[in-house]
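Just so it is clear, the model here is predicted, and its values are computed rather than measured.
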Amino acid sequence: MSIPNPVLYYNLCLEIADNWDDLRSHCLKSDISKSIPTKGGSHGRSIVPSHSHADLKLFRSNLRTTAKYILKTDIGRFYPSIYSHSIPWAIHTKPFAKSHRGSNYIGNRLDKWVRNCQDGQTIGIPIGPDTSLVIAEIILSPIDVEIRKHLPSTRIYRHVDDYEFGFKSFSEAEEALALLHEILNEFQLEVNSNKTEILELPLPLESDWVYELRNFEFHSSPRKQKSDLIKYFDRAVILSKKYSQDHVLKYAVQKLQSFRVDKKNFELLEQFLIQCIMNETGTFIPVLKQLTDYHNEGMNIDLSTLEEVLNYQIETQCPVGHGSEAAWAIWSSIFWSLPISTTAAQKLSKMNDSVVALLALDAFNSKLIDTGLDTSSWETLMKTDELYNEHWLLTYEANFKNWLPSKGGKDHVSMDSNFDFLKKQGVYFYDKRKARSVTFTGAPISEGTSPLFSF
């Protein structure tokens with residue numbers, strides 16, 4: 001996940017908005033894509049894919065109707081590996097773009113704004129912002145067109161970077177895979193070998209573990225419900241071991257949102273949820289949704305155990321640079337007013353992550369960190385030129401909140417016209433109130449969603 005610099009990101013958004021019709025027409029050249037950028041959508045997104053993941057079962061079923069083999073694959077590290085210069089290649093063709101470098105064509109302008117949003121780097125675009133879907137589809141549309149030239153009658157669909165092909169023979173699938181390697185290479189992209197497989201039909205449309213967990217039913221009587229919960233937990237753990245590449249435990253926790261546990265069984269449920277955080281950090285957000293919901297309903301959370309697990313997560317996730325897990329652990333500590341240990345605070349001090357730093361500063365100012373937090377490395381970022389670098393969020397927000405002093409004595413934010421304008425308008429990005437009274441609402445929360453940072 002990345003949070004783009006708002007001043008630089010504005011230029012990219014404006015370029016896309018001003019050229020929306022032409023860019024969308026470019027994307028519509030693909031008859032393979034099921035993720036064409038479309039205006040509006042749920043959860044406040046400006047741009048959404050034309051079809052959601054829920055729609056894919058129908059496309060998958062249609063593709064398999066006349067096939068005996070399917071080729072499933074995706075693009076390895078797709079967003080992080082996108083080459084910004086491939087944007088003009090995709091829009092204007094590679095030969096034209098290379099012979100017109102620096103010209104004021106839309107492809108070159110998009111290339112420039114994308115690079116400006118990431119410190120001039122040409123490799124990788126942020127995961128999360130709506131603009132990234134547009135950039136991805138701009139690049140993948142001509143790839144789809146080229147695939148279609150070679151496979152005019154093959155049933156194919158793509159959703160973002162996931163492809164599925166249907167064939168009547170194994171050899172046809174192998175040839176298509178070789179073709180895909182070749183075409184992607186032209187745009188400096190690669191097939192993800194770990195997620196590539198040729199499968200013989202018939203096959204179920206979804207994994208058997210999904211079917212088993214989704215259709216599991218819980219009794220309402222406390223005694224039977226307790227037995228159901230134990231059986232459900234055991235099956236979820238066994239299936240997570242068997243399907244280690246899938247997010248089984250995360251799905252299992254999300255499934256639990258569909259019913260409310262009896263008060264007599266809450267302790268058992270809570271133990272399972274906290275165990276998930278301890279051993280599978282991908283479950284952090286759905287577990288927090290469960291715990292905050294029950295907390296808001298008046299259930300007593302085992303805060304002593306939760307404190308121990310959260311501090312453990314901070315201490316173990318920070319050294320390996322896992323900012324997301326560390327951030328949610330601090331957030332949880334703030335929400336339940338749980339102290340952060342000296343050892344955990346020392347680990348936080350070494351994190352090179354603006355979101356983690358801001359949460360840690362909030363926890364410190366809320367008296368949840370007593371000792372161990374060293375802010376000296378963060379204080380070096382409190383100067384004007386850092387407002388346009390990687391840690392702009394910390395550089396601006398810590399000034400806005402008066403959490404860190406400016407270097408040199410002068411207010412470094414007021415010395416930049418763009419960020420001074422934002423500050424005078426009362427613009428801030430971290431809402432402290434939401435860290436203390438948040439209610440998760442709507443569909444199961446994805447890892448690209450934060451109730452804390454608003455734009």
Side-chain angles (χ1 to χ4, degrees), residues 3 270 274 277-278 281 284-285 287-289 291-296 298-319 322-382 391 393-407 411-413 423 426-440 450-454:
I3 303 177
E270 180 188 32
I274 295 179
I277 291 180
M278 188 69 180
T281 56
F284 232 121
I285 295 174
V287 165
L288 290 178
K289 173 169 172 53
L291 293 179
T292 53
D293 281 351
Y294 282 110
H295 170 85
N296 292 334
M299 293 286 195
N300 292 322
I301 306 298
D302 182 355
L303 296 180
S304 177
T305 298
L306 186 59
E307 177 187 336
E308 179 184 348
V309 170
L310 293 175
N311 275 287
Y312 170 81
Q313 287 297 341
I314 293 173
E315 292 171 17
T316 55
Q317 299 299 331
C318 287
H322 291 173
S324 177
E325 289 82 355
W328 282 110
I330 307 169
W331 175 87
S332 303
S333 299
I334 294 172
F335 181 82
W336 278 288
S337 298
L338 300 175
I340 294 174
S341 70
T342 298
T343 301
Q346 291 171 341
K347 303 291 185 183
L348 287 172
S349 303
K350 299 178 181 180
M351 283 294 285
N352 188 32
D353 186 304
S354 290
V355 171
V356 171
L358 289 171
L359 285 161
L361 289 170
D362 188 7
F364 177 78
N365 282 272
S366 301
K367 311 300 183 185
L368 298 177
I369 297 178
D370 186 21
T371 58
L373 190 67
D374 179 3
T375 63
S376 58
S377 64
W378 300 337
E379 290 175 21
T380 64
L381 302 171
M382 302 300 285
H391 298 292
L393 179 61
L394 175 61
T395 304
Y396 175 81
E397 197 72 15
N399 171 273
F400 188 94
K401 297 285 198 301
N402 292 315
W403 283 342
L404 292 176
S406 294
K407 294 284 289 183
D411 185 333
H412 64 281
V413 172
K423 186 176 179 180
V427 173
Y428 59 89
F429 299 93
Y430 172 46
D431 190 340
K432 295 192 297 181
R433 297 168 300 175
K434 290 187 177 182
R436 291 157 177 81
S437 60
V438 67
T439 299
F440 294 91
S450 170
L452 307 174
F453 292 84
S454 305

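Side-chain contact annotation: Asn365 with Lys401, donor-acceptor N/O pair under 3.5 Å absent. A donor atom on one side chain and an acceptor atom on the other are found under 3.5 Å apart for Arg436 and Ser366. Under 3.5 Å, the side chains of Asp353 and His391 contain no donor-acceptor pair of N or O atoms.
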Taking it one step at a time, do Thr342 and Ile369 satisfy side chain to side chain contact (heavy atoms under 4.5 Å, CB included)? CA-CA 7 Å; Thr342 298; Ile369 297 178; over 6 Å; no
Apply the test side chain to side chain contact (heavy atoms under 4.5 Å, CB included) to residues Ile274 and Val287: give CA-CA distance (whole Å), side-chain angles for both, the deciding distance (0.1 Å), then the verdict. CA-CA 8 Å; Ile274 295 179; Val287 165; 5.8 Å; no
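In this structure Tyr294 satisfies the side chain to side chain contact (heavy atoms under 4.5 Å, CB included) test together with Arg260, Val261, Phe266, Leu269, Gln290, Glu297, Met299, sequence neighbours excluded. Judged as a side chain to side chain donor-acceptor pair (under 3.5 Å), and not counting sequence neighbours, the contacts of Ser341 are Asn311, Glu315.
Put simply, the side chain of Tyr312 does not reach to within 4.5 Å of the side chain of Thr343, judged on heavy atoms. Asp362 is listed as a side-chain neighbour of Trp403, based on a closest heavy-atom distance under 4.5 Å. Inter-residue side-chain proximity for Thr375 and Trp378 is flagged as met; some heavy-atom pair is nearer than 4.5 Å.
The line from OG of Ser349 to CG of Asp374 is 5.0 Å long, rounded to the nearest 0.5 Å. A distance of 6.0 Å separates CD in Gln317 from NE2 in His322, rounded to the nearest 0.5 Å. In this structure, Trp336 CH2 and Ile301 CD1 are separated by 6.0 Å, a value rounded to the nearest 0.5 Å. For the atom pair OH of Tyr396 and OH of Tyr428, the computed distance is 10.5 Å after rounding to the nearest 0.5 Å. Expressed to the nearest 0.5 Å, how far CG of Asn300 lies from NE2 of His295 amounts to 10.0 Å. Separating the CG atom in Leu291 from the CD1 atom in Ile277 is a distance of 6.0 Å, to the nearest 0.5 Å.
Considering all non-hydrogen atoms of both residues, Phe284 and Ser332 come closest at CE2-OG, 4.3 Å. Summarising the geometry of Thr281 relative to Gln313, their closest heavy-atom pair is CG2-OE1, 3.5 Å, with the distance given to 0.1 Å. Closest approach of Val413 and Lys423 over heavy atoms only: CG1-CD, 3.9 Å. Pairing each heavy atom of Ile330 with each of Ala363, the nearest pair is CG2-CB, 4.2 Å. Across Leu404 and Met382, no two heavy atoms sit closer than the pair O-CE, 3.6 Å. Across Ala326 and Val356, no two heavy atoms sit closer than the pair CB-CG2, 4.2 Å.
Glu397 places no side-chain N or O within 3.5 Å of a backbone atom of Leu358 that could act as its donor or acceptor partner. Under the 3.5 Å distance criterion, the side-chain polar atoms of Thr395 are matched with a main-chain donor or acceptor of Leu381. Checking side-chain atoms of Thr305 against main-chain N and O of Asp302 turns up no donor-acceptor pair under 3.5 Å. Side chain of Ser333 to main chain of Ala329: a donor-acceptor pair is present (N/O by atom type, distance under 3.5 Å, no hydrogens or angles).
The aromatic rings of Trp331 and Trp328 sit perpendicular, their planes meeting at an angle over 60°, well past the 30° parallel limit.
Heavy atoms of other residues, nucleotides or ligands lying less than 6.0 angstrom from CD of Glu308 number 12 at most. Within 6.0 Å of the CZ atom in Phe400, the count of heavy atoms belonging to other residues, nucleotides or ligands exceeds 12.
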